[in-house]
Amino acid sequence: MARPNEEVATLLQEYADLISITGGDAYKARAYEKAARAIGGYHEDVSTLDLKGLQRIPGVGKSIAEKVLEYFETGSVHAVEELRAKIPAGVRRLTEIPTLGPKRAMTLYEELGVASVEELVDAIHAGRLRGLKGFGEKTEENILRGVRLLRQAGERVPVNVAMELAEEIVAELSRVAGCRRCVYAGSLRRWRETIGDIDILAAAQQPGPLMDAFTSLPYVDYVVAHGDTKSSIRTTKGLQVDLRVVAPDAWGAALQYFTGSKQHNIRIREIAVHKKLKLSEYGLFDARSGERIVSESEEEVYERLGLPWIDPALREDRGEIEAALRGELPRLVTERDIRGDLHTHTDLTDGLCSLEEMVEAAARRGYAYYAITDHAPNLRMQRMSDEKMLAQRERVRELDGRYRGMRLLHGAELNIDPEGNVDWPDAFLAGFDLCVASVHSHFNLPREEMTRRLVRACENPYVNIIGHPTARLIGRRPGIDADFDEVFRACARTGTALEVNAFPDRLDLNDELILRAKRYGVKFAIDSDAHSTVHLGLLRYGVGTAQRGWLTPDDVINTWPLARLREFLRKGR
DNA sequence: GCCGTTTTCGGCCCGACTGTTTTCAGTCG
């Protein structure tokens, strides 16, 4: 199950949406949104807190605290149920369409009875939106484009959602008597950015007890299939999970088979055929005699085919097999290589935790260094000022080295305006240890202008890292259109790193762009973009994405010792 | 609904963009 904090956050967010849709007090809705974020990012398990403890969470008062208690005591919240009864769930789904908010979703429902995304699409095609006030031709286009985007993400879920569930199921099944091994495989093991269904593989002589335990997990909505070696369930959140149980001596071949990708496996089986062998999920066999040669570990399967073991993140048939044959597989960056995080926020801007809390949590992760990069003044909503930034710097200097010797870097996340300029003049920027610069608006500039904008930012001698370079939001917003090869050349030329933003709805750059950028000799920074202490752990998804992009520790500046990093950050100045 | 006081209400991130409208509502970051 999701962390209790996540559950409550989701519920409160839903309540906030319902308040907005029903035209309730906008400030009340915002209060619930704020509380949802605060609880989602809170370090303590909210299901263990009492009324007083809950009210200590910023943004949570008596009323919300009581609702949280009600939720854990009864499993639901009366006020939420009341609004749910008034508004079909499909109407809330409408607001997930980019450019369509609560007001117009309600108009569609009240005026036309539209209560789902499908009905909306039909209504548009039937011309039923014509003449509806506030809905013109462009609006229809935008809605249809938004729906396409929504459907592209389709039934897939963000990698972190699938990962949390998979790890819990693996832990649960590993406790079952007779279970020899249990892991997740499939696209999750390859660190794909979204996951369609979860594949779990277990080894046991007797699959029965594992199957029973699996199909009676508490979050099973219904059992899709319950067989001898394979079962499938659908969870209450709508995610499909498959469990496959194999004999312990077939473990390696099964793991290889169920990890995929399909394209990778096809290539591997071709190699087997050329060697007069046959590879299946049960083992590697002699094609003629049918005798099983190996199957116990992935390593021996690959080895018998004349290949070194290939990291799952590489298994996409993107050249990994050729590289393996030449003995030129990269030594991929791992989470253990990361010495620090270079893009994080505090409650000075839109973060949820104080500087001290963030620094302490970072130190607990064993980092050698850590950068604080709050937003700069051009994102007006953040209300940043020179004075606030300088005061923060002073505090950062005081705390430097006080937490397990971890060194602190004071930075900022600058805003790249449409011309490629950033928030402050050089003289002020010179006071920072590093600057991340990112696009936060004007996502639709013509390609040439967008390219010029990013190149210009790279050429700024104080911009060290381009944050979430395409600014995409998975399933919600496509990335900006620019000539990225031109941008990559600029990065390499100016000593500007590109970010691999680890936030699961960004994962930006993605694997394909990383691969392209790497060829220009660009360096990368894998950052959490944490807005709360619990976000620091999301870094693993950035590392997974970097692995899919074939990055080695040498490619990633925040694996370097501090002295080498500082030299890079000087940017030849 | 929360918060912070100027202790019991009044403010709450604020500006820009889009598409619609004809002066602005809705949406977004």
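Numbers restart at 1 for each chain; the letters A, B, ... are given by sequence-line order, proteins then strands.
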- Would you indicate what A:Arg477 reaches in the nucleic acid, counting non-hydrogen atoms under 4.0 angstrom: base, sugar-phosphate, or nothing? sugar-phosphate
- Item | Any residue meeting side-chain contact (heavy atoms from CB on, under 4.5 Å) with A:Thr139, in chain and number order, not counting sequence neighbours | A:Arg104, A:Phe135, A:Ile143
- Message: Whole angstroms only, please: what is the CE-C1' distance between A:Met106 and B:dA25?
- Response: 17 Å
- Can you name the nearest heavy-atom pair linking A:Ile480 to A:Val439, along with the distance? CD1-CG2, 4.5 Å
- Message: Checking contacts here: which listed nucleotide (B:dG29, B:dG1, B:dG26) is nearest the side-chain heavy atoms of A:Leu473?
- Response: B:dG29
- Task: Quote, to the nearest angstrom, the C1' distance that separates B:dT22 from B:dG29.
- Result: 28 Å
- Query: For atom P, what is the distance between B:dT7 and B:dT18, given to the nearest Å?
  - Reply: 45 Å
- P-based separation of B:dC9 from B:dA16 [nearest Å]: 36 Å
- Should the ring pair A:His375 and A:His531 be called parallel, tilted or perpendicular, given that the plane angle runs from 0 to 90° and is split at 30 and 60? tilted
- Message: We want to know whether A:Glu413 and A:Ser438 form a side-chain donor-acceptor pair, criterion being a heavy-atom distance below 3.5 angstrom.
- Response: yes
- Message: Expressed as a whole number of angstroms, how long is the span from A:Leu100:CG to B:dA25:P?
- Response: 18 Å
- Task: Could you tell me whether the phosphate oxygens of B:dC2, OP1 or OP2, come under 4.0 Å of any side-chain nitrogen or oxygen in A:Arg30?
- Result: no
- On DNA chain B, more 5' by nearest nucleotide between A:Glu140 and A:Thr107 is A:Glu140
- Distance between C1' atoms of B:dT8 and B:dC3 (Å, rounded): 12 Å
- Task: Using a 4.0 Å heavy-atom cut-off across all strands, classify A:Lys62 as base, sugar-phosphate, or nothing.
- Result: sugar-phosphate
- Query: Reckon A:Asn142 has a side-chain N or O less than 4.0 Å from the OP1 or OP2 of B:dT18?
  - Reply: no
- Closest heavy-atom pair, A:Leu536 versus A:Ala530, reported as atoms and distance to 0.1 Å, is CD2-CB, 3.7 Å
- Query: Please, which pairs that meet ring-ring contact (aromatic ring centres under 6.0 Å, His included) have at least one residue in residues 68-97 of chain A, sequence neighbours excluded?
  - Reply: none
- Whole-Å distance separating the CZ atom of A:Phe443 from the P atom of B:dA16: 16 Å
- Side chain of A:Arg104: nearest nucleotide among B:dG29, B:dT27, B:dC2? B:dT27
- Message: Using whole Å, what does the distance between atom P of nucleotide B:dC13 and atom CZ of A:Arg37 come to?
- Response: 10 Å
- Message: Would you measure the distance from the P atom in B:dG15 across to the matching atom in B:dG10 and give it in whole Å?
- Response: 23 Å
- Separation of A:Tyr32 atom OH from B:dG1 atom P, in whole Å? 5 Å
- Starting from P on B:dG29, measure out to CD on A:Glu413 and report it in whole angstrom. 14 Å
- Item | Proximal nucleotide (of B:dG29, B:dG1, B:dG19) relative to the A:Lys67 side chain | B:dG1
- Query: To the side chain of A:Ile64, which of B:dT27, B:dG1, B:dG19 is closest?
  - Reply: B:dG1
- Query: Can you tell which of B:dG19, B:dG29, B:dG1 lies closest to the side chain of A:Asp25?
  - Reply: B:dG1
- Task: Please check the phosphate of B:dC28 (OP1 and OP2 only) for any side-chain N or O of A:Thr99 closer than 4.0 Å.
- Result: no
- Quantified in whole Å, what is the P atom distance between nucleotide B:dC17 and nucleotide B:dC12? 23 Å
- Query: Can you check B:dT18 for me, syn or anti if syn means within 90° of 0?
  - Reply: anti
- Can you check the A:His531 NE2 to B:dG29 C1' distance for me, whole Å? 11 Å
- Query: Which whole number of Å gives the distance between the P atom of B:dT23 and that of B:dC28?
  - Reply: 26 Å
- Out of B:dC2, B:dC17, B:dG19, whichever nucleotide has its closest atom nearest the side chain of A:Ser63: B:dC2
- Item | Complementary nucleotide of B:dC17, counting Watson-Crick and G-U pairs under 3.5 Å | B:dG26
- Query: Using the C1' atom in both, what is the distance from B:dC13 to B:dC2, to the nearest Å?
  - Reply: 15 Å
- Side-chain donor-acceptor pair under 3.5 Å between A:Ser63 and A:Lys67, yes or no? yes
- Query: Rounded to the nearest Å, what distance is computed from the NE2 atom of residue A:His440 to the P atom of nucleotide B:dC13?
  - Reply: 19 Å
- Distance below 4.0 Å between A:His442 side-chain N/O and B:dC17 OP1 or OP2: yes
